[in-house]
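See structure below.
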2 protein chains.
Amino acid sequence: MRMNEGVEWALHSCVNMTWLDPEEAVTAKRLAAFYELPAAYLNKQLQSLVKAGILTSISGPRGGFRLARRPDQITLLDIVTAIEGREDAFRCESILRKGPGGNPEVDYRAHCEISMTMRQAELAWRRELAGKTVADMAATVARKYPQAPDGTRARFASLRG
Amino acid sequence: MRMNEGVEWALHSCVNMTWLDPEEAVTAKRLAAFYELPAAYLNKQLQSLVKAGILTSISGPRGGFRLARRPDQITLLDIVTAIEGREDAFRCESILRKGPGGNPEVDYRAHCEISMTMRQAELAWRRELAGKTVADMAATVARKYPQAPDGTRARFASLRG
DNA sequence: GAATAATTACTCGGATAAGGTATGTCCGAGTCTCCAAGG
DNA sequence: CCTTGGAGACTCGGACATACCTTATCCGAGTAATTATTC
């Protein structure tokens, strides 16, 4: 059980975009150069965020990506779900159907005790992620490292791309 | 982010073993036949449970697997960890090292806000799983489906292997 | 000088390869059982 | 009848293939800025 690398990239990228002018678009190339990541692959991940309505994309010169809504309206769960998909990590395969008294018609995700318990645990995980927004992250970082916002803007400005 | 299929198999198998005589060993072949699973692969997963100290294995005729300790002493987290390993799903790659002010010496798992928040969410997940034991599962199933224990024993007895 | 139209360069977006992990299979080492032979 | 030795069969355990998903890359469609041209 291993989360996509893109989740980490997407989270950091979204927090970084918080420091920028809301109208300003940043290219995937610059976002990638920021952490020395592969640009084309990061671009692919950002596309997932666009489809999920988290980012807005702009084509052509002076194009790029920007946050589609206020940072306090974007939860970490939104980003994780956009990259990883909506399915649970534990996918109940309804193996009880093959056991004694198994019924092919029954949806065991709603009846199998193990399936429900595993689902409950994932809900706790999701609840935690849904309780934190990109704005929360940015605020904490800015408090602990006051130079971060300006430093980020400066770095973006200096990056060729 | 997709959990190993073996986790579901291991959970169901452990609950099933709860119904059996604690001294009685069940072969991987029978456990697999119970849900029509691939025997050799299930055997591989059960080996992980043995290494984790959850099951005890016995070689030779009349051999097989049995629970290494009381079902109320085996949490779902124990089983998940045995199969999936101890690492977090979200593995912080410390990409901040490459950013402005990045320090190659710093362990960002303890300083990166995003890393810590993701870790916190996984802790909530683990806490849920650690709070449920195999005995809890078995008890709930037995209450909802009183015929389950006898039915399970009967099925094991009827399986060739 | 201003408006307009063609050109150009730059961006995202999706289609296309490469690598790694989960899945699945196989055979050998060890061991318990069963059976037969001998006391 | 009881003991003992050996053959046999069965089990786990780990080494060996396969398939799928993640990771990575590339090129084309579209677009906005730019430049040259005309009025």
Side-chain angles (χ1 to χ4, degrees), chain A residues 1-10 13 17 23-33 35-52 54-66 68 80 82-85 87 89-91 93 95 159-161, chain B residues 1-10 13 17 23-33 35-66 68 80 82-85 87 89-91 93 95 156 159-161:
Chain A
M1 189 178 56
R2 189 172 155 184
M3 191 172 290
N4 279 9
E5 191 71 7
V7 171
E8 187 177 14
W9 303 353
S13 293
M17 286 193 231
E23 296 303 316
E24 183 180 2
V26 189
T27 67
K29 195 186 279 186
R30 285 194 187 196
L31 282 167
Y35 295 121
E36 301 180 13
L37 303 174
Y41 188 36
L42 176 63
N43 186 21
K44 191 181 181 68
Q45 310 286 6
L46 296 177
Q47 284 175 33
S48 299
L49 297 183
V50 172
K51 282 184 183 172
I54 297 168
L55 297 183
T56 299
S57 66
I58 300 154
S59 280
R62 304 285 296 169
F65 298 90
R66 61 179 179 78
V80 170
I83 303 289
E84 286 290 340
E87 286 196 24
F90 180 89
R91 287 178 300 98
E93 293 294 341
I95 66 177
L159 289 172
R160 286 291 112 215
Chain B
M1 190 179 54
R2 190 173 155 183
M3 191 172 291
N4 280 9
E5 191 70 8
V7 172
E8 187 178 13
W9 303 354
S13 294
M17 286 193 232
E23 296 303 316
E24 183 181 3
V26 190
T27 67
K29 195 186 280 185
R30 285 194 187 197
L31 282 167
Y35 295 120
E36 300 180 14
L37 304 173
Y41 189 35
L42 176 63
N43 185 21
K44 192 183 179 70
Q45 310 287 6
L46 296 177
Q47 284 175 33
S48 299
L49 297 183
V50 172
K51 281 185 183 171
I54 296 168
L55 297 183
T56 301
S57 65
I58 300 155
S59 280
R62 303 285 298 170
F65 298 90
R66 62 180 178 76
V80 169
I83 303 288
E84 285 290 340
E87 286 197 24
F90 181 89
R91 286 178 298 95
E93 294 294 343
I95 66 178
F156 273 127
L159 290 171
R160 286 290 112 216

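None of these values were measured; they are calculated from a predicted model. Convention: sequence-line order gives letters A, B, ...; per-chain numbering from 1.
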Classify A/Asn4 by what it touches in the nucleic acid, base, sugar-phosphate, or nothing, heavy-atom distance under 4.0 Å. sugar-phosphate
Phosphate OP1/OP2 of D/dG14: any B/Gln47 side-chain N/O under 4.0 Å: yes
Quick check for you: to the nearest 0.5 Å, what is the distance between A/Ile54 atom CD1 and A/Met17 atom CE? 10.0 Å
Pick the closest DNA chain C nucleotide for B/Ile58 and for A/Val26 by heavy atoms, then say which residue is nearer the 5' end. A/Val26
Whole-Å distance, A/Tyr41 OH to C/dG13 P, equals 17 Å
Side-chain N,O (A/Ser57) to OP1/OP2 (C/dG13) below 4.0 Å: yes
When you compare the side chain of A/Met1 with that of B/Met1, does any pair of heavy atoms fall below 4.5 Å? yes
Nearest-Å distance for atom pair NZ/P, residues A/Lys51 and C/dC12: 15 Å
Given the options A/Thr56, A/Asn43, A/Leu49, A/Phe65 meets side-chain contact (heavy atoms from CB on, under 4.5 Å) only with A/Asn43
Let me spell it out: for each of A/Pro61 and A/Lys44, pick the nucleotide of DNA chain D with the closest heavy atom. Which residue's pick is nearer the 5' end? A/Lys44
Rounding to an integer number of Å, can you tell me how far B/Glu8 CD sits from C/dA22 P? 17 Å
Measure the distance from CZ on A/Phe65 to C1' on C/dC10 and round it to the nearest whole Å. 13 Å
Judged by each residue's nearest nucleotide on DNA chain D, which is more toward the 5′ side, A/Ala39 or B/Ala28? B/Ala28
What is the distance, to the nearest angstrom, from the CD atom on A/Glu5 to the P atom on C/dA18? 22 Å
Would you indicate what A/Leu46 reaches in the nucleic acid, counting non-hydrogen atoms under 4.0 angstrom: base, sugar-phosphate, or nothing? nothing
Where the side chain of B/Ser59 is defined as all heavy atoms beyond and including C-beta, which of D/dG13, D/dT11, D/dC20 is the nearest nucleotide? D/dT11
Step through the shown structure and confirm whether more than 12 heavy atoms of other residues, nucleotides or ligands are within 6.0 Å of CZ on A/Arg62. no
How close or far is atom P of D/dG13 from atom CD of B/Gln45, stated in whole angstroms? 14 Å
Can you tell me the distance, in whole Å, between the CG atom of A/Leu42 and the P atom of D/dT22? 17 Å
How long is the line joining NZ of B/Lys29 and C1' of D/dA9, in whole Å? 11 Å
Working to the nearest 0.5 Å, report the span between CD of A/Glu84 and CE of A/Met3. 5.5 Å
Side-chain N or O of A/Arg2 closer than 4.0 Å to phosphate OP1/OP2 of C/dT21: yes
Please figure out whether A/Asn43 or B/Trp9 has its closest DNA chain C nucleotide nearer the 5' end. A/Asn43
If you only use heavy atoms from C-beta on, which nucleotide in D/dA24, C/dT25, D/dT11 is closest to the side chain of B/Ala40? C/dT25
